[in-house]
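Hydrogens, waters and symmetry mates play no part in the numbers below; they use all other heavy atoms, side chains included.
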Protein chains: 2
Amino acid sequence: MRLSELSERSGVKTATIKYYLREGLLPPGQRITATQAEYDEAHLRRLRLVRALIQVGRLPVATAREVLSHIDDASLGRTIRLGAALWSLPHGPDPDEEAPETAAAREAVERLLDRIGWATSQEIGSLSPAHRSLVSSVATLIRLGYPCDADYLAEQAGLMRQVAVQDLDMMETYPTEPEQVEMAVASAVLYEPLLMALRRMAQEEESARRYGL
Amino acid sequence: MRLSELSERSGVKTATIKYYLREGLLPPGQRITATQAEYDEAHLRRLRLVRALIQVGRLPVATAREVLSHIDDASLGRTIRLGAALWSLPHGPDPDEEAPETAAAREAVERLLDRIGWATSQEIGSLSPAHRSLVSSVATLIRLGYPCDADYLAEQAGLMRQVAVQDLDMMETYPTEPEQVEMAVASAVLYEPLLMALRRMAQEEESARRYGL
DNA sequence: CCCCATTGGAGAGTTCCACTATCCAATGAT
DNA sequence: ATCATTGGATAGTGGAACTCTCCAATGGGG
């Protein structure tokens with residue numbers, strides 16, 4: 001199909017598609033003549049993924065390009081490839097090392113991991129974006145005076161563990177590596193708003209159950 | 001304290017504080033003279049909350065102002081006040097009614113709510129931002145061809161329900177209404193990255209458990 | 001008492017980013 | 001033959017979140 005058809009089928013303006021091509025988010029189509037190119041279903045699918053990453057996942061264009069490049073990179077093994085893709089995803093701001101709360105937060109996280117036995121995270125994991133993001137989140141909550149005690153964290157961590165099991169099960173339903181990596185990215189980026197929507201609905205439901213209305 | 005001290009203690013530039021004052025995110029200080037104003041601890045706390053909402057929660061300035069106004073509004077009862085604050089929080093894009101996937105997604109959500117018995121959400125809840133956000137998320141996943149079956153959704157919804165119970169328990173530890181509303185906002189905005197960080201760490205942990213390394 | 005650094009206020013300017021509009025030459029359907 | 005279309009390149013647009021520049025009014029140190 002031509003660029004204009006790609007545009008119609010995806011609902012994305014041709015100008016925007018050209019922009020994505022320029023930015024390397026979308027591989028160039030197969031050149032038919034000096035002035036025309038042919039796109040296929042793979043382009044359409046990739047384009048939809050790009051839109052989802054940018055619009056739903058709010059990834060900056062540069063980050064989306066990086067993530068996609070990891071999905072495409074066949075030179076790495078699955079574990080590395082998966083890690084590379086996930087670690088380049090956006091995470092909250094890094095912990096502010098100046099702030100005194102950061103030290104307390106780091107210690108709290110340390111104790112948490114110890115308690116629930118997430119060994120990985122302690123050894124190589126203190127470099128993981130997720131780990132730093134967690135420290136930063138806890139520090140912010142402490143600074144604002146919100147409770148963030150060990151029991152609460154452990155409880156929620158346990159629930160997130162169950163969520164993660166579901167996530168990995170779902171990933172395993174895919175046979176090929178690139179599909180698995182893409183699924184992992186989708187799991188991190190696209191299922192996140194879904195989970196958070198479910199959480200807010202659950203809050204509304206539970207709130208209605210407790211206080212009526 | 002003066003504006004400059006407020007700036008030092010919060011780590012926010014004076015120019016930015018002035019901007020927030022102008023935008024109504026921060027109440028004006030008490031005027032001492034024609035050219036000077038006095039700020040107190042409440043201003044400092046509010047400023048930190050504003051920064052957290054904007055930087056951690058990624059709220060647009062206008063949205064933050066709206067949310068804060070609901071926190072401050074003493075004219076409403078708790079339930080309404082809480083709802084008003086939470087419903088003005090950002091949620092994903094609204095469902096695209098043009099797209100055929102939206103209808104399927106709406107039906108899937110309908111069936112889900114039926115199955116797990118969240119009555120609230122079906123009656124008044126189809127107007128809730130969380131509900132629309134869920135429909136939109138499911139529609140996106142369907143369009144991209146990712147699995148989103150009833151079993152998966154029900155499973156995750158159950159887990160989110162447990163998370164919500166924790167959330168509400170925490171809210172109840174606060175005695176006064178404005179504190180509860182602020183806690184609810186914090187729960188929706190600030191604990192969200194914390195939960196998602198835990199989820200990603202759990203994924204890393206579970207992944208390591210299954211595939212080694 | 002005087003002077004000049006500081007303060008708060010107001011408006012314009014800057015930066016970044018995701019697009020989007022404009023051109024242009026080559027093409028290909030009619 | 002012709003004229004709308006295509007792909008590519010370049011410059012422009014609009015929104016958001018600051019940030020800079022002035023300015024008049026202090027008010028503390030000498």
So which heavy atom on Leu76(A) is nearest to which on Glu177(A), and how close? O-OE1, 3.9 Å

Within residues 51-66 of chain A, which residues have any heavy atom lying less than 4.0 Å from an atom of DNA chain C? Arg51(A), Ile54(A), Pro60(A), Val61(A)

Is a side-chain donor or acceptor of Ser88(B) paired with a backbone partner of Ala84(B) at a separation under 3.5 angstrom? yes

Would you say the side-chain atoms of Arg45(A) pair up with the backbone N or O of Leu144(B), donor to acceptor, closer than 3.5 Å? yes

Can you tell me the distance, in whole Å, between the CD atom of Glu5(B) and the P atom of dT6(C)? 15 Å

Does Arg31(A) place a side-chain N or O at less than 4.0 Å from the phosphate oxygens OP1/OP2 of dG8(D)? yes

Within 45° of the ring axis of Tyr39(A) and under 6.0 Å from its six-membered ring centre, is that where the NZ or CZ of Arg31(A) lies? no

Is any side-chain heavy atom of Glu155(B) less than 4.5 Å from a side-chain heavy atom of Val163(A)? no

Thr14(A) vs dT6(D): side-chain N/O to OP1/OP2 distance below 4.0 Å: no

Non-hydrogen side-chain atoms of Arg9(A) and Glu41(A) separated by less than 4.5 Å: yes

Expressed as a whole number of angstroms, how long is the span from Lys13(A):NZ to dG7(D):P? 17 Å

Report the distance from atom OH of Tyr20(A) to atom C1' of dA18(C), rounded to the nearest whole Å. 8 Å

Please report the distance, rounded to the nearest Å, between CG in Leu3(A) and P in dA4(D). 20 Å

Hey, which of these two, Arg2(B) or Arg22(B), hits DNA chain D nearer its 5' end, going by closest nucleotide? Arg22(B)

Report yes if the side chains of Leu134(B) and Arg200(A) come closer than 4.5 Å at any heavy-atom pair, otherwise no. no

Rounded to whole Å, CD of Glu23(A) lies from C1' of dT10(D) at a distance of 13 Å

For Glu8(A), which residues count as a side chain to side chain donor-acceptor pair (under 3.5 Å) partner, sequence neighbours excluded? none

Centroid-centroid under 6.0 Å between Tyr191(B) and Tyr152(A) rings: yes

Of all the choices, dG9(C), dT20(C), dT19(D), which nucleotide is nearest to the side chain of Tyr19(A) once you look at every atom? dT20(C)

Rounded distance in Å - CE (Met1(A)) to C1' (dG7(D)): 16 Å

When we call it a touch if two heavy atoms are under 4.0 Å apart, what does Ala37(B) touch: a base, just sugar-phosphate, or nothing? sugar-phosphate

Can you name the atoms? Protein N/O to nucleotides 24-27 of chain C N/O, anything below 3.5 Å, with the distance.
from    : atom 1 : to       : atom 2 : distance (Å)
dT27(C) : O4'    : Thr35(A) : OG1    : 3.3

Let me know the distance between CD of Gln30(A) and C1' of dT6(D), rounded to the nearest Å. 17 Å

Using a 4.0 Å heavy-atom cut-off, does Ser4(B) contact any base of the nucleic acid, only the sugar-phosphate backbone, or nothing at all? sugar-phosphate

What integer distance in Å separates Lys18(B):NZ from dT19(D):C1'? 11 Å

